[in-house]
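Here the structure comes first, spelled out in structure tokens, and everything after it is commentary.
Because only heavy atoms are used, hydrogens play no part in the values below, and waters and symmetry mates are left out as well, while side chains stay in.
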Amino acid sequence: MEPITLTTARLTLRALTPADVDAVYRACQDGAIQRWTTVPSPYRRADAEYFVNRICPEGWQRETEFTFGAVDTVGHGALVAAIGLSMRTTRTAELGFWSAAEYRGRGLMTEAVAAVTRWGFTQIPLDRIVWRAEVGNTASRATALRAGFVLEGTERAGILNNGVRRDCWVAALLPTDLGLPSTDAYVPARPPAARPAPAAE
């Protein structure tokens, strides 16, 4: 698939280009990104080059990973975040994202997540998008919840980060959560039948 561009009220979401390497490198020096995501730590410029010039374009070409750079079109046109959908199983993808430290707290990441997930449901198309983050990453969880994701539980040893297995929160977003049709029929689990009240003695 050829990379596409999405626009929101404040952002342009587009494929990363070699001109973004320096911005990606600078953003990923942030301790929070290295602590809570699976980017290499320490993060070298060569890691940014490999991500931008190899991982991202190959993901689009093979339709295995769709990565967008979020550019602030209201401000100075800076790269403020990266966000992607990684294919996992049939019509299921996992959402991943990071935001540069100086652009947090403005709702930009939630805006980007909303645009990318809607695109995933309508254009790939997906029936389920999963979000996972290490337990304790409350900022990422808040973004996911604001974007409509529903927490489903805690996955033990669900994330391998720098050689260490860690528990992670798991949430998911379905097209029906956004009022969109599902490609495959979905029958949610029914609650257990109510038990009759005990007879009076």
- Item | Test salt bridge (Lys or Arg N to Asp or Glu O under 4.0 Å) applied to R35 and D30, step by step | CA-CA 9 Å; R35 169 63 182 87; D30 177 55; over 6 Å; no

- Item | L85 versus A93, closest heavy-atom pair with distance | CB-CB, 4.2 Å

- Query: How many angstroms lie between atom CD1 of I129 and atom CZ of R118, to the nearest 0.5 angstrom?
  - Reply: 11.0 Å

- Item | Within one Ile-Leu-Val-Met-Phe-Trp-Tyr cluster: L13 and M109, side-chain cutoff 4.5 Å | yes

- Task: Check whether the ring centres of F68 and W119 lie less than 6.0 Å apart, and answer yes or no.
- Result: yes

- Message: Tell me whether T37 contacts the main-chain N or O of Q34 through its side chain, where contact means a donor paired with an acceptor under 3.5 Å.
- Response: no

- Message: So does S99 get a backbone contact from the side chain of R104, meaning a donor-acceptor N/O pair under 3.5 Å?
- Response: yes

- Message: Which label fits W60 and F66: parallel for a plane angle under 30°, tilted from 30 to 60°, or perpendicular past 60°?
- Response: perpendicular

- Item | Side-chain donor or acceptor of T7 paired with backbone N/O of T12 under 3.5 Å | no

- Answer with yes or no whether the hydrophobic clustering places I33 together with Y103; edges join I, L, V, M, F, W, Y residues whose side-chain heavy atoms lie under 4.5 Å apart. no

- Closest non-hydrogen atom pair, T117 against A114: OG1-O, 3.2 Å

- Which atom names give the shortest non-hydrogen contact between F121 and L180, and what distance separates them? CB-CD1, 3.9 Å

- Message: Under 3.5 Å, is there a donor on one side chain and an acceptor on the other for T110 and R146?
- Response: yes

- Task: Output yes when a side-chain donor or acceptor of D127 lies under 3.5 Å from a complementary backbone atom of T183, and no otherwise.
- Result: yes

- Rounded distance (nearest 0.5 Å) linking atom CG of L79 with atom CG of L11: 10.5 Å

- Query: Would you find a donor on one side and an acceptor on the other, under 3.5 Å apart, between the side chain of E111 and the backbone of R10?
  - Reply: yes

- Query: Are V116 and F97 connected in the hydrophobic side-chain network, where two residues link if heavy atoms are under 4.5 Å apart?
  - Reply: yes

- Message: Looking at T92 and R88, would you say the former's side chain and the latter's main chain have a donor-acceptor pair under 3.5 Å?
- Response: no

- Approximate separation, where rounding is to 0.5 Å, of L95 CG and L173 CG: 9.0 Å

- Query: Hey, does the side chain of E65 reach the backbone of C56 with a donor-acceptor pair shorter than 3.5 angstrom?
  - Reply: no

- Task: State whether the side chain of D167 and the backbone N or O of A157 hold a donor-acceptor pair below 3.5 Å, judged by distance alone.
- Result: yes

- Message: Checking side-chain polar atoms at under 3.5 Å, does S140 have a donor or acceptor matched by the opposite partner on W131?
- Response: yes

- Message: Testing the basics here: between C28 and V39, what is the closest heavy-atom pair and its distance to 0.1 Å?
- Response: SG-CG1, 4.5 Å

- Test salt bridge (Lys or Arg N to Asp or Glu O under 4.0 Å) applied to D184 and R128, step by step: CA-CA 10 Å; D184 293 321; R128 176 177 165 87; over 6 Å; no

- If you round to the nearest 0.5 Å, how far is CD1 of I159 from CZ of R132? 5.0 Å

- Query: Given side chains that start at C-beta, do those of V135 and R166 come closer than 4.5 Å, heavy atoms only?
  - Reply: no

- Quick check: does any side chain N or O of E63 sit under 3.5 Å from a backbone N or O of M1, one acting as donor and the other as acceptor? yes

- Which pair of heavy atoms, one from N53 and one from P18, lies closest together, and at what distance? OD1-CG, 3.5 Å

